[in-house]
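Each remark here refers to the structure printed beneath this line.
Fair warning: this is a prediction, and the values are worked out from it, not measured in the lab. To find a chain, count down the sequence lines: A is the first, B the second, and so on, and within it residues start at 1.
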Amino acid sequence: MKRLLEDYFKQDPLTCARGLIGCHFHWHGCVGRIVETEAYDSEDDPACHTWFRPSTRVFVEAHDAGTAYVYMNYGVHWLFNILVKGGARSGFVLFRALEPVSGIEQMRERRPGAKDVLLGAGPGRLTRALGIDGSVHGSRFLRAAGCGVFTGWPAEMIAGPRIGISRATDLHWRFGDAASPSLSRRF
DNA sequence: GCCAGGATGTTA
DNA sequence: AACATCCTGGCG
């Protein structure tokens with residue numbers, strides 16, 4: 001397994017989102033297999049925060065590829081994205097689901113009552129399981145000790161419409177490993 | 001299946 | 001001040 005550094009995130013957000021399926025996400029003692037992602041295009045995508053949030057447009061300009069973009073959704077859940085820029089298009093990849101690999105005891109402690117297979121089966125669930133919150137926003141975690149993304153492969157790549165959005169629902173920019181039991185929803 | 005919970009950035 | 005939002009667990 002090879003560590004992915006900033007250069008990997010200097011390509012099209014769709015390429016990144018697809019390529020991350022099957023990779024391993026390391027976060028301070030826990031490891032999860034990435035089984036679901038979504039791509040967002042900061043230039044031409046009404047579902048991307050840049051479409052209606054000036055502060056997000058500033059964020060894209062001010063930070064490097066590979067920076068964490070973390071925000072609170074519905075006042076309840078932190079959602080974890082990676083900034084992608086430097087290729088043909090720029091934008092974000094949202095982590096939507098992880099399969100627990102190691103550090104499962106820590107994840108269980110943070111998500112009491114959850115079945116193991118569901119510990120990271122959703123964008124809000126996975127941040128809770130890993131202890132990710134707003135303090136991670138803007139950090140260059142790819143090279144941080146105990147953190148990073150490492151290469152892997154999907155068993156069965158699948159794509160479909162993004163979840164939970166009301167605009168640009170025709171775009172099939174959600175990617176996943178169809179063989180995983182830890183998807184946030186069926187494709 | 002439906003719905004409350006309740007933070008944040010943005011606009012009125 | 002009011003609004004919309006890249007969600008989830010609990011209850012039916």
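Heavy-atom nearest nucleotides on DNA chain C were determined for Arg167(A) and for Arg125(A), and the one closer to the 5' end corresponds to Arg167(A).
Comparing atom distances between the Met72(A) side chain and each of dT8(B), dT10(B), dG6(B) picks out dT8(B) as nearest.
Spacing of C1' atoms, dG9(B) relative to dT8(C), comes out at 22 Å, to the nearest Å. For dC3(C) and dA4(B), the P atoms lie 16 Å apart once the distance is rounded to whole Å. Annotation: dT8(B) and dG9(C) have their C1' atoms spaced 22 Å apart (nearest Å).
Heavy atoms of Phe52(A) sit under 4.0 angstrom from primed sugar atoms or phosphate atoms, though from no base atom. Counting non-hydrogen atoms under 4.0 angstrom, Ser166(A) reaches the backbone sugars and phosphates but no base. Residue Arg185(A) is out of contact with every strand shown, counting any heavy-atom pair closer than 4.0 Å. Residue Arg53(A) is classed as a sugar-phosphate contact, given heavy-atom separations below 4.0 Å to backbone atoms only.
Nucleotide dA7(B) holds its P atom 14 Å from the CG atom of Asp133(A), rounded to whole Å. In this structure, OH of Tyr69(A) is placed 9 Å from C1' of dG9(B), rounded to the nearest angstrom.
Ring planes of Phe80(A) and Phe141(A): perpendicular class, angle over 60° (limits at 30 and 60°). Below 30°, between 30° and 60°, or above 60°: for Tyr71(A) and His49(A) the angle between ring planes is above 60°, a perpendicular geometry. Relative orientation of the His137(A) and Tyr69(A) rings is perpendicular, given thresholds of 30° and 60° on the angle between their planes.
By the 4.5 Å heavy-atom criterion applied to side chains, Asp177(A) and Glu156(A) are counted as neighbours. By the 4.5 Å heavy-atom criterion applied to side chains, Cys16(A) and Gln11(A) are counted as neighbours.
Reading DNA chain C from its 5' end, the first and the last nucleotide to sit under 4.0 Å from a heavy atom of chain A are dT5(C) to dG9(C).
In this structure, Arg185(A) places its CZ atom where only 12 or fewer heavy-atom neighbours from other residues, nucleotides or ligands lie under 6.0 Å away.
Pairing for dA2(C) is with dT10(B), a Watson-Crick or G-U wobble pair whose two hydrogen-bonding atom distances lie under 3.5 Å.
At least one donor-acceptor pair closer than 3.5 Å links the side chain of Ser139(A) to the backbone N or O of Val136(A).
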